[in-house]
**Student:** 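One structure, as structure tokens, below. Some questions next.
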Protein chains: 2
Amino acid sequence: MDETAPQKGTVTQRAIERIKAMIAEGRLEPGQRLPTERDLAAQLGMSRSSMREAIRALTVLGVLEARHGSGIYVTQLEAGDLLETFGVVADLSRGPQLVELLEVRRVLESTATALAAARITADQLAEVEKHLAAMNATDDPEEILAHDLAFHRVIAGAAGNDTMAAILEGLSSRTFRARVWRGYEEEGAFARTRREHAAIHRALVARDPEAARAAAAAHVGEVEEWLRAQLGA
Amino acid sequence: MDETAPQKGTVTQRAIERIKAMIAEGRLEPGQRLPTERDLAAQLGMSRSSMREAIRALTVLGVLEARHGSGIYVTQLEAGDLLETFGVVADLSRGPQLVELLEVRRVLESTATALAAARITADQLAEVEKHLAAMNATDDPEEILAHDLAFHRVIAGAAGNDTMAAILEGLSSRTFRARVWRGYEEEGAFARTRREHAAIHRALVARDPEAARAAAAAHVGEVEEWLRAQLGA
DNA sequence: ATCAGCAAGGTGGTCGGACCACTACCACCC
DNA sequence: GGGTGGTAGTGGTCCGACCACCTTGCTGAT
């Protein structure tokens, strides 16, 4: 049955690898229900405690989903499921690493915006305009931030690459933006932000990918430069 | 002390959030040692089992590091630590999602290669050439793949953005490349790959960022197109 | 005084069992 | 037929014990 236990690493770590392998090999399909914790532990010859730690780890990674009273299921393994952990990176990064993260976001956001200029539908464009208008209609920083996030989220969604959208979502997580925003607003940056968003919107309406790419890159680049200056000071 | 337990979500989930918050707020510095599992569990008013699941989850995320017999420590929270989980995404993605992942890689890899063209040092360039030569000197697919990975790794490192390099590392994880490689080689793609790598190298030597960007984008784009065709067939 | 070697305490790792909270399902009653 | 209750089964939590490993500091010979 089992060939001379490999004995490498902790028992829990082995269980994580085993389950991951089962999914990678297709023995577990997305959405499928796993055996119970007790059965799984017995199958792999370990205690339920260790198996639970493995399951918890894979749950946090977005690979598994535990439903109390029902069972354990494989997620759909879509971009949103697996890349949710990306937000943790943004939340815990500091100093120079934030600039690097912002640089990655600039590259991806500009590409996504360019793609969106070519592919965005009328409905999506209307939604973009809704958030743009809402953003200009209020002075509440909290609300502005929310519509700012939604503005970019709709655009990223219109680009047609869910994986890229999911990464950008993580790179723009609430705490990340809030941290940078705190000081950014105190420099009359709101007016500039509104101008930049308007420029992005114009490029989308004109269906001009290159203009959209430039506008998005400049938009993120502004924040990037500001943050870089902050760190140097 | 504790203000009317929030009682939202599972106990373990709460513990994960609490520890993450401690780090985000700076109460736990990178490299610092945490209290023992037993103490932590007592402090947060939960069992050791639940606390262990929380710690295991954060360990898998690359936030904490447990050293048997010594204690639990916060990692350096560098790009490499936190983005290791990115490899899981690549390993478990399939079908259309692989194409999306490759599209993200094309965007980042071309940018990184362009940056490298401007910033690469003589030593790094020599290392690039070493892997290029080694790649051309053998016909063993396994060895070619290894040098291929190293080739791009050195370039990504020379770009000066560790975060971007770490993401690209995950996007090029062993199993991911191996899976795509399997069928890719059977079409005389090796010769083409060598030509493309040579083109990237020439652009680096010429310190021509735009040429480097184009060469890298074309290189990844080739694989991307091939994979897209495979899925359609 | 120096240092190799050993011993004890502390730490994470594993195990087994017990009980709770919740869900799904089905037989039952109106 | 449609609620209604119960019941078995699931994940969630807790406890206590023991093991494997590291760290520390003492011991003792050199």
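So that the names make sense, note that chain A is the first sequence line, chain B the second, and so on, each numbered from 1. Keep in mind that this is a model prediction, so the values were computed, not measured. Just the heavy atoms: all of them, side chains too, but no hydrogens, waters or symmetry mates, feed the values below.
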**Student:** Among side-chain atoms of A:Thr121 and A:Gln124, is any donor-acceptor pair under 3.5 angstrom?
**Tutor:** yes
**Student:** Check the distance between C:dA24's C1' and A:Arg33's CZ and give it to me in whole angstrom.
**Tutor:** 10 Å
**Student:** Strictly below 4.0 Å, heavy-atom distances to any atom of DNA chain D: list the hits from residues 55-68 of chain A, or just say none.
**Tutor:** A:Arg56, A:Ala66, A:Arg67, A:His68
**Student:** Side-chain atoms of residues 17-24 of chain B: list all donor-acceptor pairs with protein atoms under 3.5 Å, sequence neighbours left out, distances to 0.1 Å.
**Tutor:**
none

**Student:** Between P on C:dG13 and CD on B:Glu53, what's the gap in Å once rounded to a whole number?
**Tutor:** 13 Å
**Student:** Quick one: B:Ile72 CD1 to C:dT11 C1', roughly how many Å, whole number?
**Tutor:** 9 Å
**Student:** Could you check how far CG of B:Leu40 sits from P of C:dG10, rounded to whole Å?
**Tutor:** 18 Å
**Student:** Look at the side-chain N and O atoms of B:Arg52 and state whether any lies under 4.0 Å from the OP1 or OP2 oxygen of C:dG12.
**Tutor:** no
**Student:** Ignoring backbone atoms, establish whether A:Thr12 has a side-chain N or O less than 4.0 Å from OP1 or OP2 of C:dG13.
**Tutor:** no
**Student:** Return yes if some donor-acceptor pair links the side-chain N/O of B:Arg119 with the main-chain N/O of B:Ala159 below 3.5 Å, else return no.
**Tutor:** yes
**Student:** Would you call A:Glu53 and A:Arg56 a salt bridge, taking side-chain N to carboxylate O under 4.0 Å as the test?
**Tutor:** no
**Student:** Under 4.0 Å between any heavy atoms, over every strand shown, what does A:Ser50 touch: base, sugar-phosphate, or nothing? Just pick one.
**Tutor:** sugar-phosphate
**Student:** Check the distance between D:dT13's P and B:Met51's CE and give it to me in whole angstrom.
**Tutor:** 12 Å
**Student:** If you assign each of A:Arg48 and B:Arg38 to its closest nucleotide in DNA chain C, which residue comes earlier from the 5' end?
**Tutor:** B:Arg38
**Student:** Could you tell me whether the phosphate oxygens of C:dG10, OP1 or OP2, come under 4.0 Å of any side-chain nitrogen or oxygen in B:Ser70?
**Tutor:** no
**Student:** Have a look at A:Ser93 and tell me which of A:Val99, A:Leu101, A:Val88 forms a side-chain contact (heavy atoms from CB on, under 4.5 Å) with it.
**Tutor:** A:Leu101
**Student:** Roughly, in whole Å, what's the span from CD in A:Glu37 to C1' in C:dC22?
**Tutor:** 14 Å
**Student:** Where does the angle between the aromatic ring planes of B:Phe86 and A:Phe86 fall among parallel (under 30°), tilted (30 to 60°) and perpendicular (over 60°)?
**Tutor:** perpendicular
**Student:** For B:His152 and B:His219, which I'm curious about, is there any donor-acceptor pair between the side chains at under 3.5 Å?
**Tutor:** yes
**Student:** Starting at atom CD1 of B:Ile16, determine the distance to atom P of D:dT13, rounded to an integer number of angstrom.
**Tutor:** 10 Å
**Student:** Describe the nucleic acid contact of A:Ser49 in one word from base, sugar-phosphate, nothing, applying a heavy-atom distance below 4.0 Å.
**Tutor:** base
**Student:** Atom CG of A:Leu34 to atom C1' of D:dG9: distance rounded to whole Å?
**Tutor:** 16 Å
